[in-house]
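Have a look at the structure below before the remarks.
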Number of protein chains: 2
Amino acid sequence: MTMTACKNCPLRQKSMFTPFTQDELSFMQSFKTGELKVDPGTTILLEGSNSPQLYTVLSGMGTRYKTLENGRRQVINFLFPGDFVGLQAGIMGEMKHSVEASTPMTLCAFRRDDLWTLFRQHPARAYDLTWIAAVEEHFLGETIASLGQRDAIQRIAWALVRIHERLKAAGLQKANRVPLPFRQQDLADALGLSLVHTNKTLKTLRSKGLAQWSDGTLELRDIATLADLAMIDPERPQQRPLL
Amino acid sequence: MTMTACKNCPLRQKSMFTPFTQDELSFMQSFKTGELKVDPGTTILLEGSNSPQLYTVLSGMGTRYKTLENGRRQVINFLFPGDFVGLQAGIMGEMKHSVEASTPMTLCAFRRDDLWTLFRQHPARAYDLTWIAAVEEHFLGETIASLGQRDAIQRIAWALVRIHERLKAAGLQKANRVPLPFRQQDLADALGLSLVHTNKTLKTLRSKGLAQWSDGTLELRDIATLADLAMIDPERPQQRPLL
DNA sequence: CGCTTATTTGATAACGATCAACTAAAGTGG
DNA sequence: CCACTTTAGTTGATCGTTATCAAATAAGCG
């Protein structure tokens, strides 16, 4: 397999301050075990399973979710290009949630067993990984605050703004439009709202001229008002500090 | 300062599989910069600040929370002995939440700048840190599922069972009783419920003989029924897999 | 002994869930 | 090629869980 480290790999993105050494590059090549291409609807990782793989999303989008005993589904977050998947399983030994593709996806696969080698031999990459974990933890904390303290319209405004930011950062924005190939049910499950109420709330935002989401495309027409509605503190783009 | 690595430090707890080397022990000593003792009500870390410190909780309890612009407060989680605090600030450069002591607390303080040294010189400890971050991320995911998919009585049952488990693991259990020195308002803010409804729901659990929480002590009388009520999948104790 | 904080309880209101039905688009198979 | 099915989105009506308001009790505490 001829390859350089994946172009969209977060381990690469985060490395702008600490460039790869030749040794690291060759290690990355051995760390990567292959690319995975999946169709929409495919379950990439299954709750309770013991996956030997870690992944990086190279393209496509998906959902990370838990299923409760009563059948209800909670989408923990959406997966976008550049996201890292499976660190929990990689490090804890068992998946605590499932991952499903919403679009065709290509993923960069790593061997879990190589994680330890990474830590031993490439502390800068290990630090990158922990940085990623810390950033993710931060977003989960914000999600908790949304579910706990925001009402329906605030939650949806918050989600749309954050998703827009994320996709913009991933370079997928064109004139305030970003691709958002999920169903309303997915957003509802992410925000703890019913499908019906999610639909009606989206209609409200639409009729107010704030945001439009249809045919897999999200367009934010008034980000300032949306951010204000959602009580979002203007967040500087995440950027890793120099070591 | 004469010291060994703190007894309750998670970096020590998690190291049962990879014991400290003499070199590491001496590093831990230099890594630790001191102990912090604070009174109830003290804000240990403030949202938006740029703390140069990381902490480990040695004793006492506290809350980790965010405050929204409208003044509402979301408790992200409770802090118990053994918990690690400030990794986000340590690695991202800025606190995204506040930390406040609910009881007198003693904390073990580390210099943030030493984190990188830790990664470079002690990969096993760095791996421990990432393990901790992954476990925390898992719990946040479960919290999201609770806020999104469980109703009031399920949320409270879930929280009480999880808290009980956590305190038991910390060795604070005595005959199904654990210390829980928080206010009902804290639990309400953690679960996204109003104080009034939290109070009424606790009463329901009490009258059903399932759980009793008063005077800072939580007693679970019927854990099986509570876990069933909360739809908790029986979770094996978190234990780090061998490398 | 007033003052504050935490808990408790009842009454009322509202936000969002649930139920039901309909439209539109996209397969699918005979 | 057209019934038939399935999936996603939309809308209206009703119900219920939970928030909000109000007030009372009780426990520290200067």
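Numbered from 1 within each chain, the chains take letters A, B, ... in sequence-line order.
Rounded to an integer number of Å, the gap from CD of B/Q212 to C1' of C/dT8 is 15 Å. Here the P atom of nucleotide D/dG9 and the CZ atom of A/F182 are 12 Å apart, to the nearest Å. Counting to the nearest Å, the P atom of D/dG9 and the CG atom of A/D215 are 9 Å from each other. Atom CZ in A/R206 sits about 11 Å away from atom P in D/dG9, given to the nearest Å. Atoms CG (A/L202) and P (D/dT11) sit 11 Å apart, rounded to a whole Å. If you take CD of A/Q154 and P of C/dG16, they are 9 Å apart, rounded to a whole angstrom. As a whole-Å value, the separation of A/N199 CG from C/dA24 P is 15 Å. A straight line from CG of A/N70 to P of C/dT18 spans 10 Å, rounded to a whole angstrom.
Environment of CG in B/N70: crowded, with over 12 heavy atoms of neighbouring residues, nucleotides or ligands closer than 6.0 Å. Atom CZ of A/R177 has 12 or fewer heavy atoms from other residues, nucleotides or ligands within 6.0 Å.
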Protein-nucleotides 19-24 of chain D N/O pairs under 3.5 Å:
| unit_1 | atom_1 | unit_2 | atom_2 | d |
| --- | --- | --- | --- | --- |
| D/dA19 | OP1 | B/G192 | O | 3.3 |
| D/dA19 | OP1 | B/S194 | N | 3.1 |
| D/dA19 | OP2 | B/S194 | N | 3.2 |
| D/dA19 | OP2 | B/S194 | OG | 2.9 |

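Classification of A/E165 and A/R162 as a salt-bridged pair holds, one side-chain N sitting under 4.0 Å from a carboxylate O. Salt bridge A/R64/B/E137: present, at least one basic N to carboxylate O contact under 4.0 Å.
Considering only heavy atoms from C-beta on, B/L191 stays 4.5 Å or farther from B/T198 through its side chain.
Remark: B/K203 is not in phosphate contact with C/dT8, judged by side-chain N or O atoms under 4.0 Å from OP1 or OP2. For A/Q184, a side-chain nitrogen or oxygen approaches OP1 or OP2 of D/dT10 to under 4.0 Å.
Rounded to 10°, the helix from C/dC1-D/dG30 to C/dG30-D/dC1 has 30° between the axis fitted to its first five pairs and the one fitted to its last five.
Under the 3.5 Å distance criterion, the side-chain polar atoms of B/S98 are matched with a main-chain donor or acceptor of B/E47.
A donor-acceptor pair shorter than 3.5 Å can be found between the side chains of A/E142 and A/W158.
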Any chance you could lay out the side-chain contact (heavy atoms from CB on, under 4.5 Å) test for B/D83 and B/N77, step after step, and finish with the verdict? CA-CA 11 Å; B/D83 278 341; B/N77 59 16; over 6 Å; no
Going through the checks in order, is the salt bridge (charged side-chain N to carboxylate O under 4.0 Å, His left out) test met by A/D189 and A/R183? CA-CA 10 Å; A/D189 288 347; A/R183 295 164 300 169; over 6 Å; no
